[in-house]
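Read the numbers this way: they start at 1 and go in the same order the structure lists the ligands and their atoms.
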Amino acid sequence: MSCTTLFEQVLDPDNRANPYPLFAQLRRQPVCRQEDGTYVVSTHAEIARLISDPRISSEDLPDPQKFRWTGHPITDLFVRPIRAEIRRRHQPFIFRDPPDHDRLRGLVMRAFSPERVRRMRQETTDLTNELIEKFEGKARIDLVDDFSYPVPVTVICKLLGVPPEDEPQFQGWATQLATALEPNQRGDEETRAKNEQCFTEISEFLRDLIARKRKEPQDDILTDLANGDDDTERMNDFDLIATAVLLLVAGHETTVNLITNSVLTLLRFPEHWQRLAREPEIAPRLIEEMLRYEPPVQYRTRLAVADIPIAGVTIPKDAPVVLLLASGNRDPARFADPDRFDPDRSDNRHLGFGGGLHYCVGAPLARIEAEVALVSLAKRLGNPRLVEDPPPYRPGASLRGPRHLCLSFDGIAQA
Ligand code: HEM
């Protein structure tokens, strides 16, 4: 079968529960041109090569609604260019190339210090225990709504320095804005309109918060990014708002999916769940294997800025490129028995956090959150069972994860 329509099938919600057989077919041709001109890269070696190649850009893909002359000079010559400029200035660094990307990322890495991230372990432990206490007296829960969802948004709010009373509002914004990172949803008109509205609200909120952080500095990431002696140490309001939204969006649904995918997989193979409850020290290895086996970010899109010969084809300049990380993670040329979930796997250099210049900034934090969440659940949930398998999935093909995960269980143990 030709590979030219396979990616369309990956995007089809009917294949969301198990896209892995499609990836296996795609890997027969490591770089495959789709009918719409997109090049899908599905093997580990080729993804690893392109993810660090400067001829591959992260600047946002061209607007799907390409410039159309409306015949109205004010709209075409004034309003549109101003809108385009605003859009450009709000571009978060995940969608930028060097040198802008490197300058902004450098500031974030400094504020996201290892010490600050380590401090979140205790906060996360308290939070997960509080959420588990609420399961008392219930025989069933929805793991997504009752547990996985509130954990990362609360952690990010604490790191950024968002007041606790504003956290619920942040959660709503995070859910809506996640669609902006979702290539198969962000072209849809209704989603765009909702995102614009949501972005206006969150920007206004952040602008006020940033002003307060400048007046009364505190120990948090927004304060560090907003203050500094000169432009090399401080972000302007545009970049700071875009960065705060990026941290919220990139760090939220991804971590929700890691926790939920992990519980789903561990309950499909209950021997691993029982082992985690007995030997919590295996959690870090188990999470690495989860990032390989069911990565929360399945693919990222890029743009070729030059002709790139690779694996027997030439990706032409200006072609959209899909780096199918989740397929690289199941490549038998790189991982022995790749469809087997094996936390004891050695040399597990997966692509779950990407690679190259855009390697995930939040990887250490995500690892802590997932570890604390899974160990608390494994220790405290009595005999959990999946109520529905496969569970219903969210529409997104890139940030892929269950919308609900219903579990039944026999009570909870003390913390
Ligand atoms: C399990 C959870 C997570 C997964 C699987 C994940 C995955 C990824 C991946 C694959 C990329 C690369 C994107 C690209 O190449 O275009 C990335 C970038 C990024 N992630 Fe994460 N992420 C997670 C959690 C987090 C958290 C908790 C944060 C922060 C609070 C975060 C912040 C970021 C940022 C800021 C970038 C952009 C880096 C850059 O462009 O230089 N992520 N993440």
(request) Could you list the atoms of ligand 1 found under 4.0 angstrom from a heavy atom of Leu246? (result) 35 (C)

(request) Run the contact test for Ser58 against ligand 1 with a 4.0 Å cut-off on heavy atoms, strictly below, and give the result. (result) no

(request) Could you go through the salt bridge (charged side-chain N to carboxylate O under 4.0 Å, His left out) check for Arg334 and Asp347 one step at a time? (result) CA-CA 10 Å; Arg334 177 63 185 79; Asp347 189 20; 3.4 Å; yes

(request) Determine whether the side chain, the backbone, both or neither of His358 has a heavy atom under 4.0 Å from any heavy atom of ligand 1. (result) both

(message) Classify the ring geometry of Phe353 against Tyr359: parallel below 30°, tilted from 30° to 60°, perpendicular beyond 60°.
(response) perpendicular

(message) Test your reading of the structure: does Tyr359 have an N or O sitting under 3.5 Å from an N or O of ligand 1?
(response) no

(request) Using the ring-ring contact (aromatic ring centres under 6.0 Å, His included) rule, collect all pairs that involve residues 193-221, keeping only residues at least two apart or in two chains. (result) His90-Phe199, Phe170-Phe205, Trp173-Phe205

(request) Work out whether the distance between some heavy atom of His101 and some atom of ligand 1 is less than 4.0 Å. (result) yes

(message) Assess whether a salt bridge exists between Arg96 and Asp239, defined as any Lys/Arg side-chain N lying under 4.0 Å from an Asp/Glu carboxylate O.
(response) yes

(request) Examine the proximity of ligand 1 to Leu357 and report which part, side chain or backbone, both or neither, has a heavy atom under 4.0 Å away. (result) backbone

(request) Identify, by atom number and element, the atoms of ligand 1 in contact range of Phe112, meaning under 4.0 Å from any of its heavy atoms. (result) 29 (C), 30 (C)

(request) Give a yes or no on whether a salt bridge exists between Glu190 and Lys194, defined as a side-chain N under 4.0 angstrom from a carboxylate O. (result) yes

(message) Closer than 4.0 angstrom, basic N to acidic O: yes or no for Arg121 and Glu369?
(response) no

(request) Please identify which atoms of ligand 1 are closer than 4.0 Å to at least one heavy atom of Gly352. (result) 5 (C), 7 (C), 10 (C)

(message) Can you report which non-hydrogen protein atom sits closest to atom 1 (C) of ligand 1, along with the distance?
(response) Leu258 CD2, 3.5 Å

(request) State which residues pass salt bridge (charged side-chain N to carboxylate O under 4.0 Å, His left out) with Asp220; sequence neighbours excluded, sorted by chain then number. (result) Lys213

(request) Only protein N/O/S atoms count here: give how many lie under 2.8 Å from atom 21 (Fe) of ligand 1. (result) 1

(message) Checking contacts here: is it the side chain or the backbone of Arg302 that comes within 4.0 Å of ligand 1, counting heavy atoms only? Could be both or neither.
(response) side chain

(message) My understanding is that only residues two or more places apart in sequence, or in another chain, count here; which of them pass side-chain contact (heavy atoms from CB on, under 4.5 Å) with Pro402?
(response) Thr260, Asn261, Leu264, Pro391, Tyr393

(request) Could you tell me whether Gln414 atom CD has more than 12 heavy atoms of other residues or ligands within 6.0 Å of it? (result) no

(request) Distance to 0.1 Å, residue and atom name: give those for the protein heavy atom nearest to atom 13 (C) of ligand 1. (result) Arg300 NE, 3.4 Å

(message) Distance to the ring centre below 6.0 angstrom and angle to the axis at most 45 degrees; does that hold for Arg330 and Tyr293?
(response) yes

(request) Output yes when Arg292 and Asp342 qualify as a salt bridge under the 4.0 Å nitrogen-oxygen rule, no when they do not. (result) no

